[in-house]
Undergrad: 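Sending over a structure as structure tokens; questions will come in a sec.
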Amino acid sequence: MTGLFKQKNSGNILVLLIYGLVLKFGMLLHPMPPLRQPDDHFVYIWLLDFLAPLHFPPIIYTLITFFLLYSQAIMFNKVCNEQKMIARPNYLPGMAYLLITTLFIEWNHFSAPLLINSLLIWIYYRVSVLYNSNKPGAAIFNVGLLTGVVTLMYKPAIVFAVFLLVSLFIMRPLRVREWLIGILGITTPYYFLGIVLFLTNQWDWKKIQPNISFNLPVMPSSITVTVSIALLIFPFIIGGFFVQNNLTKMLINVRKSWSLLLVFLIVSMLIIVANGGNNYVNWLLCAVPLTAFHAAAYFYPTRTWFASALHWIIFGWALYIGYWTQA
């Protein structure tokens, strides 16, 4: 299977859809309504309140979730190929994304972190192309605007403002003007939100002020969760080893893109600490950066049996999670 997705074949888009259906069919058998969490913010709450009177059955939300995951896999795969993150264009990032998002049941529910991931992939792409931009002002503002929208969907996502500033430090020469443009973009959605709240007599500073409490993340509650975490970490370490060994062969903008992914992962882990919670929904924000390293773990090994064995082990466990733990 890894050999098939190593090829840049347009037909792999359809193969990837079938691959995703096999992995995710268990969640279609056990549909769930949208998740509501204490840390959901205005935009996501408004979206659920708007959809609630329509009384959609859970299967509709589950289908939307599947197509969101599939579209995110295709989107991030395109970003990796366009940025030349791996030596040759392939469909391994898309395969890896669908695979690792099956390792936790909560990652297949309609939730704020799921919606955010689509925006975060776009944010990562727009930031990664800033290196070669001669007039980055508009792009930086747009990225800041998207980051502001992300924070209005999920409160702990405010830490992604740090991701934007660190990204500017990595990808651009230090220019205060560009940092101020980014901050202006982040605060713009809050400006319009404040106007709406004021005009509807709902103004309260506490509604806008980020409320983050730092707690330790929930400890693995079962051997199932422990194995899933191990299957996230082990390929990440292997992929990181191969990426490190091939850095000298990469262009400087590609190396910077890998650095951005590490920052992305660190910021996502900060969200886990900022909002420990009692489930693993917010861990989904780590899926995008982990995907690239998993793809490298499948691409670079010279012994094809190793990548194949690694894939089938994770694939078998993902099937167990998707079909039997929900029964």
Side-chain angles (χ1 to χ4, degrees), residues 1-6 12-32 35 61-77 80 90-111 113-114 117 218 220-239 265 268 279-299 301 304-327:
M1 187 62 72
T2 55
L4 176 63
F5 286 116
K6 269 188 179 181
N12 277 349
I13 295 178
L14 178 59
V15 177
L16 196 63
L17 176 62
I18 298 172
Y19 181 85
L21 284 171
V22 172
L23 281 171
K24 309 289 188 182
F25 192 71
M27 76 180 196
L28 297 176
L29 296 176
H30 305 279
M32 294 289 294
L35 287 182
Y61 293 102
T62 303
L63 287 172
I64 293 173
T65 298
F66 172 77
F67 284 109
L68 277 173
L69 290 170
Y70 176 71
S71 65
Q72 289 166 5
I74 294 295
M75 191 189 311
F76 188 62
N77 194 93
C80 288
N90 58 79
Y91 281 85
L92 289 174
M95 181 203 79
Y97 187 79
L98 289 175
L99 185 57
I100 67 177
T101 53
T102 314
L103 294 177
F104 293 89
I105 295 174
E106 296 94 335
W107 290 9
N108 296 278
H109 294 167
F110 190 92
S111 64
L114 174 69
N117 263 1
V218 61
S221 56
S222 66
I223 187 63
T224 303
V225 173
T226 304
V227 172
S228 293
I229 294 175
L231 292 178
L232 285 177
I233 295 174
F234 182 61
F236 165 72
I237 295 173
I238 296 172
L265 180 60
S268 300
N279 56 40
Y280 298 93
V281 175
N282 54 1
W283 291 42
L284 178 59
L285 299 174
C286 296
V288 173
L290 285 175
T291 291
F293 289 95
H294 278 233
Y298 297 130
F299 180 85
T304 56
W305 64 265
F306 177 81
S308 181
L310 181 64
H311 165 263
W312 287 116
I313 289 172
I314 301 176
F315 184 85
W317 185 254
L319 288 183
Y320 169 74
I321 296 294
Y323 286 85
W324 282 274
T325 60
Q326 300 188 72

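Only heavy atoms go into these numbers, but all of them, side chains included; no hydrogens, no water, no symmetry mates. Predicted, not measured: the structure shown is a model, and the values here were computed from it.
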Undergrad: I need the minimum non-hydrogen distance between A96 and A295, along with the two atoms involved.
TA: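 Heavy-atom minimum between the residues: CB-N, 4.2 Å.
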Undergrad: Using atom types as modelled and distance alone, determine if a side-chain donor or acceptor of W283 lies under 3.5 Å from a backbone N or O of S268.
TA: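 Pair absent, no side-chain N/O of W283 close to backbone of S268.
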Undergrad: Side chain to side chain contact (heavy atoms under 4.5 Å, CB included) between T291 and F76: does it pass, once the steps are laid out?
TA: CA-CA 9 Å; T291 291; F76 188 62; 3.9 Å; yes
Undergrad: P93 and N77: which non-hydrogen atoms are nearest, and at how many Å?
TA: CD-OD1, 3.2 Å
Undergrad: Answer yes or no: is there a side-chain heavy-atom contact under 4.5 Å between I321 and F104?
TA: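 Of all side-chain heavy-atom pairs linking F104 with I321, none is under 4.5 Å.
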Undergrad: Once rounded to the nearest 0.5 Å, what's the spacing between atom CG of L114 and atom OH of Y61?
TA: 13.5 Å
Undergrad: Should we count CZ of F315 as having more than 12 external heavy atoms under 6.0 Å?
TA: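 Atom CZ in F315 is crowded, with more than 12 foreign heavy atoms closer than 6.0 Å.
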Undergrad: Minimum heavy-atom separation for M32 and T62, please, with both atom names.
TA: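 Heavy atoms of M32 and T62 come nearest at N-OG1, 3.3 Å.
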Undergrad: Is S111 reaching over with its side chain to a backbone N or O of W107, donor-acceptor style, under 3.5 angstrom?
TA: no
Undergrad: State yes or no: are the ring centers of F5 and Y91 separated by less than 6.0 Å?
TA: no
Undergrad: Do N117 side-chain atoms and L284 backbone N/O form a donor-acceptor pair below 3.5 Å?
TA: yes
Undergrad: Going by atom types only, do Y19 and N12 share a side-chain donor-acceptor pair under 3.5 Å?
TA: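 Absent: no donor and acceptor within the cut-off.
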Undergrad: Under the side-chain contact (heavy atoms from CB on, under 4.5 Å) test against V227, which residue among T224, I229, I223 passes?
TA: I223
Undergrad: Using side-chain heavy atoms (C-beta onward) and a distance below 4.5 Å, is I238 in contact with F306?
TA: yes
Undergrad: Do you know which two heavy atoms are closest between L16 and G94, and how far apart they sit?
TA: CD1-C, 3.8 Å
Undergrad: Determine whether Y97 and L69 make a side-chain contact, defined as any pair of heavy atoms from C-beta on separated by less than 4.5 Å.
TA: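 In short, these two side chains touch, coming nearer than 4.5 Å.
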Undergrad: Using side chain to side chain contact (heavy atoms under 4.5 Å, CB included) as the criterion, list what pairs up with L265, not counting sequence neighbours.
TA: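 For L265, the residues satisfying side chain to side chain contact (heavy atoms under 4.5 Å, CB included) (neighbours in sequence not counted) are F236, M269, C286, P289, L290.
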Undergrad: Taking the side chain as C-beta and beyond, is there a heavy-atom pair between P235 and F293 under 4.5 Å?
TA: no
Undergrad: Got H294 and I100 here, is their nearest side-chain heavy-atom distance under 4.5 Å?
TA: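 Yes - at least one pair of side-chain heavy atoms lies under 4.5 Å apart.
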Undergrad: Is the shortest side-chain heavy-atom distance between L17 and F66 below 4.5 Å?
TA: yes
Undergrad: Between atom CZ of F299 and atom CG of N90, what is the distance when rounded to the nearest 0.5 Å?
TA: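 One finds 6.0 Å between CZ of F299 and CG of N90.
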Undergrad: Distance from Y298 atom OH to T304 atom OG1, nearest 0.5 Å?
TA: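 Reported to 0.5 Å precision, the distance equals 14.5 Å.
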Undergrad: Kindly list each side-chain donor-acceptor pair under 3.5 angstrom involving residues 20-27, sequence neighbours excluded, with atom names and distances?
TA:
{"residue": "K24", "atom": "NZ", "partner": "L98", "partner atom": "O", "Å": "3.4"}
{"residue": "K24", "atom": "NZ", "partner": "T101", "partner atom": "O", "Å": "3.3"}
{"residue": "K24", "atom": "NZ", "partner": "T101", "partner atom": "OG1", "Å": "2.8"}
{"residue": "K24", "atom": "NZ", "partner": "T102", "partner atom": "OG1", "Å": "2.9"}
{"residue": "K24", "atom": "NZ", "partner": "N108", "partner atom": "OD1", "Å": "2.9"}

Undergrad: With sequence neighbours left out, write down each residue that passes ring-ring contact (aromatic ring centres under 6.0 Å, His included) with Y70, or none if nothing qualifies.
TA: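 Counting only residues at least two positions away or on another chain, Y70 forms no ring-ring contact (aromatic ring centres under 6.0 Å, His included).
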Undergrad: Can you tell me how far apart CD1 (I233) and OG (S228) are? Round to the nearest 0.5 Å.
TA: 11.0 Å
